[in-house]
K.L.:
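If you scroll down you'll find the structure; I have some questions about it.
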Amino acid sequence: MEILVSVPCVIFEDDHLLAVNKPAGLNTHAPAPHAGEGIYDWLRHREPRWARLSIIHRLDKETSGVIVFSKTELANRSLTEQFSRGSVRKKYLLLTDRPVRRKELAVKCAVVRAGQKYVARPTHVGGVQAETCFHVVRSSSDGTLIEAEPLTGKTHQIRVHAAASGFPILGDTLYGGAPAARVHLHAQELTLRHPATGGEMTLTASVDFSADTRLTLRSALIDSRETNAHRLIHGASDGWPGWYVDRLGDFLLSQSDQPLTPAQRETLAHWLDVFSLHGSYHKLLTRQVGKTNVAQAHKVLGDDAPAEFVVRENGVEFALGFNEGCSVGLFLDQRDNRRRFLTGHVAAGFPLFNAERGTRKAELEILNTFTYTCGFSVCAAKAGARTTSLDLSKKYLEWGKRNFALNQLDPAGHDFIYGDVFAWLRRLAKKQRRFDCVVLDPPTFSRSKQHRAFQAEKDYGELVVAALSVLKGNGVLLASTNAAKLSPQEFLEQVTGAVRAAQRSIIQQHYAPQPPDFPITRAEPAYLKTVWLRVG
């Protein structure tokens with residue numbers, strides 16, 4: 001069964017082109033190997049038909065709007081040539097809070113790099129020449145809306161020219177603009193010739209500068225018809241240090257180590273209204289040396305939540321509850337990894353299961369360790385595989401069976417094993433059980449009677465070695481951790497070092513950061529680390 005999940009930001013697609021309306025706050029491509037994905041990386045690794053996407057042009061992280069990618073060699077050559085010779089027409093919208101004295105303005109000057117930014121210099125000075133035409137669209141109490149048409153394509157050209165002309169873009173503090181939630185610059189229109197037909201085509205995307213940038217980013221990437229469980233505020237990355245808010249179906253869950261402030265209550269009330277939700281809960285996190293105490297979630301606004309309610313993620317249903325301790329029944333930051341089981345596609349050029357082996361999906365076997373409420377297992381089973389779920393909690397395994405039933409999957413057709421993961425890996429290895437895929441997503445710290453205390457920071461390699469004993473040749477290992485103190489480099493070294501120690505080879509490797517609704521910034525560094533390995 002092929003499962004496709006739509007991407008709301010896609011505005012055009014055919015055999016040769018993919019065009020999207022990139023939201024503000026998302027890079028065109030990843031700025032570093034272990035940073036959050038840019039829109040290009042996120043798309044290219046999402047669908048097999050997008051695996052050959054190529055970047056033709058870029059937009060700054062805080063600039064929204066139309067960006068086009070090529071899907072074929074023909075499109076790549078054609079678009080590269082069109083952009084190089086300047087035949088692609090581009091129109092942007094910008095908002096400024098400064099007075100604009102002229103309705104029409106053409107700016108032509110050299111654009112020269114100066115440290116972290118660019119500056120305008122007279123044309124006789126030398127340097128890269130850039131030209132932009134500005135046209136005032138309208139003025140209001142919110143500021144002046146201006147259309148900008150760059151006749152050349154230089155880095156930061158519009159931003160530099162607007163600032164040099166006395167009307168820096170609102171939110172563009174790098175170039176003298178007043179602080180705002182985002183840089184108010186949007187690529188509204190792109191006109192080019194189709195690489196195959198030669199016909200002129202115009203790609204457009206509207207913008208609402210007054211919209212909440214946090215919601216705009218999420219709504220560009222998450223289809224609310226398929227997914228109603230995701231993060232709305234991720235701490236400092238979204239302007240609220242120490243505060244985390246998740247939408248969970250018809251409810252909101254707020255978490256922080258402080259009681260809610262009036263501004264936070266007002267924000268929650270606003271979202272209850274925007275999404276037509278039933279109620280909001282708050283969970284107080286009390287941090288002490290060496291541990292975190294989690295208070296019971298309590299209702300702060302709206303109606304009471306039932307003891308168990310259902311959310312939807314990529315079309316799959318999961319049962320959640322606010323009275324279950326640290327988590328509610330689903331780790332939202334693993335949404336994209338669960339989707340990989342649904343689609344059978346890990347990354348560009350990395351199918352989850354190797355079709356050359358000729359194995360039917362019904363014959364594929366997945367071992368999900370530390371399974372919690374069986375999220376990975378449900379998605380793998382939904383895609384047709386047979387799953388074995390292993391956990392040290394009978395309660396969570398029963399919860400997992402309910403998740404199977406919610407999705408019209410018969411739990412009797414799958415295995416649910418109660419017990420210590422290390423002990424069962426040894427037992428399964430002795431029985432010569434082998435799996436096509438093994439999932440490792442352990443807690444940062446755990447303890448059982450059969451095994452000494454497990455700490456991800458220093459024991460992950462031992463876990464990998466144990467898992468490899470039951471992984472088939474050319475099988476796939478999913479290794480993930482939320483151990484914040486473990487750097488991506490250290491984590492990868494533990495995992496890959498364990499593979500080498502077991503005298504196995506790595507055929508394919510894909511590192512997956514946390515999803516874009518958990519944005520990574522310097523103020524809110526990454527904590528979730530995931531690597532997919534095909535192991536020989």
Side-chain angles (χ1 to χ4, degrees), residues 25 179-182 210-219 222 224 227-313 318-335 444 482 484 514-528:
R182 60 160 292 186
S210 66
D212 187 318
T213 56
R214 295 177 294 253
L215 297 185
T216 300
L217 187 147
R218 275 104 175 145
S219 62
I222 300 171
S224 61
T227 300
N228 63 9
H230 57 86
R231 179 147 290 186
L232 288 170
I233 288 182
H234 187 59
S237 290
D238 288 312
W240 291 94
W243 192 36
Y244 307 89
V245 181
D246 297 325
R247 180 188 175 179
L248 301 172
D250 291 327
F251 297 90
L252 296 175
L253 176 61
S254 161
Q255 300 182 76
S256 69
D257 59 4
Q258 298 291 330
L260 289 172
T261 66
Q264 290 170 337
R265 281 181 172 269
E266 184 177 337
T267 300
L268 294 175
H270 171 70
W271 281 343
L272 288 181
D273 182 59
V274 167
F275 294 120
S276 300
L277 304 183
H278 295 170
S280 179
Y281 279 66
H282 182 67
K283 187 174 286 189
L284 195 63
L285 308 175
T286 305
R287 302 189 184 279
Q288 299 177 0
V289 177
K291 64 179 180 179
T292 299
N293 294 327
V294 183
Q296 189 87 352
H298 63 279
K299 186 189 72 175
V300 292
L301 294 168
D303 300 330
D304 292 334
E308 191 167 280
F309 57 93
V310 176
V311 302
R312 187 175 58 254
E313 179 192 84
F318 296 98
L320 305 188
F322 284 137
N323 303 316
E324 298 298 334
C326 190
S327 182
V328 296
L330 192 68
F331 296 118
L332 301 184
D333 52 12
Q334 292 285 11
R335 181 183 64 254
T444 302
N482 63 355
Q514 57 205 50
D517 52 326
F518 291 72
I520 300 167
T521 63
R522 290 179 181 175
E524 191 76 43
Y527 67 91
L528 182 67

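Since we're looking at a predicted model, the values are computed, not measured.
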K.L.:
Answer yes if the ring centres of His234 and Tyr244 are under 6.0 angstrom apart, and no otherwise.
P.N.:
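Centroid separation for His234 and Tyr244: below 6.0 Å.
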K.L.:
Looking only at non-hydrogen atoms, find the nearest pair between Leu330 and Leu320 and report the distance.
P.N.:
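Between these two residues, the closest heavy atoms are CB-CD2, 3.6 Å.
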K.L.:
Could you tell me whether Arg218 and Asp238 have a side-chain N and a carboxylate O separated by less than 4.0 Å?
P.N.:
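Here Arg218 pairs with Asp238 in a salt bridge, since their nearest N and O are under 4.0 Å apart.
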K.L.:
If only atom types and distance count, is the side chain of Arg312 paired as donor or acceptor with the main-chain N or O of Ser224 below 3.5 Å?
P.N.:
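Looks like yes, one N/O pair under 3.5 Å.
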K.L.:
Would you give the length of the straight line joining atom CG of Leu215 to atom CG of Asp517, rounded to the nearest 0.5 angstrom?
P.N.:
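Those atoms lie 11.5 Å apart.
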K.L.:
Spell out, as yes or no, whether a donor-acceptor pair under 3.5 Å connects the side chain of His298 to the backbone of His282.
P.N.:
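Yes, His298 side chain to His282 backbone: donor-acceptor pair under 3.5 Å.
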K.L.:
If you define the side chain from C-beta out and look only at heavy atoms, does anything of Leu332 sit under 4.5 Å from Phe518?
P.N.:
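Yes - at least one pair of side-chain heavy atoms lies under 4.5 Å apart.
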K.L.:
Please confirm whether the backbone N or O of Thr267 pairs with a side-chain atom of Arg265, one donor and one acceptor, at under 3.5 Å?
P.N.:
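Not a single qualifying donor-acceptor pair exists.
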K.L.:
First locate atom CD1 of Ile233, then atom CH2 of Trp271, and finally report the distance between them rounded to the nearest 0.5 Å.
P.N.:
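Answer rounded to 0.5 Å: 3.5 Å.
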K.L.:
Could you tell me which residues satisfy side-chain contact (heavy atoms from CB on, under 4.5 Å) with Ser219, sequence neighbours excluded, listed by chain and number?
P.N.:
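Scan of Ser219 (side-chain contact (heavy atoms from CB on, under 4.5 Å), adjacent residues dropped) gives none.
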K.L.:
Side chains of Phe275 and Leu232: does their closest heavy-atom pair fall under 4.5 Å?
P.N.:
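Yes - at least one pair of side-chain heavy atoms lies under 4.5 Å apart.
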K.L.:
Side chains of Asp333 and Tyr527: does their closest heavy-atom pair fall under 4.5 Å?
P.N.:
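Yes; the side chains approach each other to less than 4.5 Å.
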K.L.:
Enter the distance from Glu308:CD to Asn323:CG here, rounded to the nearest 0.5 Å.
P.N.:
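Those atoms lie 11.0 Å apart.
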K.L.:
Kindly give the heavy-atom pair with the smallest separation between Leu284 and Pro259, and that separation in Å.
P.N.:
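Scanning both residues completely, I find the closest heavy atoms to be CD1-N, 3.7 Å.
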K.L.:
Stepwise, does the side-chain contact (heavy atoms from CB on, under 4.5 Å) test hold for Arg247 with Leu252?
P.N.:
CA-CA 5 Å; Arg247 180 188 175 179; Leu252 296 175; 4.2 Å; yes
K.L.:
Taking the side chain as C-beta and beyond, is there a heavy-atom pair between Ser254 and Leu268 under 4.5 Å?
P.N.:
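Counting from C-beta outward, Ser254 and Leu268 do come under 4.5 Å.
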K.L.:
Find out whether Ile222 and Arg335 are in side-chain contact, i.e. whether some heavy atom of one side chain is under 4.5 Å from a heavy atom of the other.
P.N.:
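SC-SC contact between Ile222 and Arg335 confirmed.
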K.L.:
For the atom pair CG (Asp304) and NZ (Lys299), what is the distance rounded to the nearest 0.5 Å?
P.N.:
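One finds 4.0 Å between CG of Asp304 and NZ of Lys299.
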K.L.:
Does any N or O in the side chain of Gln514 come within less than 3.5 Å of the main-chain N or O of Leu528, such that one atom is a donor and the other an acceptor?
P.N.:
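Judged by distance alone, yes, a pair lies under 3.5 Å.
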K.L.:
What are the two closest non-hydrogen atoms of Thr213 and Ala181, and how far apart are they?
P.N.:
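In terms of heavy atoms, the two residues are closest at OG1-O, 4.2 Å.
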K.L.:
Using modelled atom types and a 3.5 Å cut-off, is there a donor and acceptor pairing between side-chain atoms of Asp246 and backbone atoms of Leu248?
P.N.:
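No, Asp246 side chain to Leu248 backbone: no donor-acceptor pair under 3.5 Å.
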K.L.:
Considering all heavy atoms of both residues, which atom of Gly242 and which atom of Ser256 are nearest to each other, and what is their separation?
P.N.:
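Looking at all heavy atoms of both residues, the closest pair is O-CB, 3.3 Å.
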K.L.:
Any sub-3.5 Å donor-acceptor pair from Gln255's side-chain atoms to Lys283's backbone N or O?
P.N.:
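Flag not set: sc Gln255 to bb Lys283 has no pair under 3.5 Å.
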K.L.:
In chain order, what residues pass the ring pair (Phe, Tyr, Trp, His ring centres under 6.0 Å) check against Phe309, with sequence neighbours excluded?
P.N.:
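Partners of Phe309 by the ring pair (Phe, Tyr, Trp, His ring centres under 6.0 Å) criterion, ordered by chain and then number, come out as Phe251, Phe322.
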K.L.:
Could you tell me which non-hydrogen atom of Asp250 sits nearest to which non-hydrogen atom of Leu277, and how far apart they are?
P.N.:
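Smallest heavy-atom distance, with atoms named: O-CB, 3.3 Å.
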K.L.:
Could you check whether any side-chain N or O of Ser237 sits under 3.5 Å from a backbone N or O of Pro519, counting only pairs where one atom can act as donor and the other as acceptor?
P.N.:
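At least one qualifying donor-acceptor pair exists.
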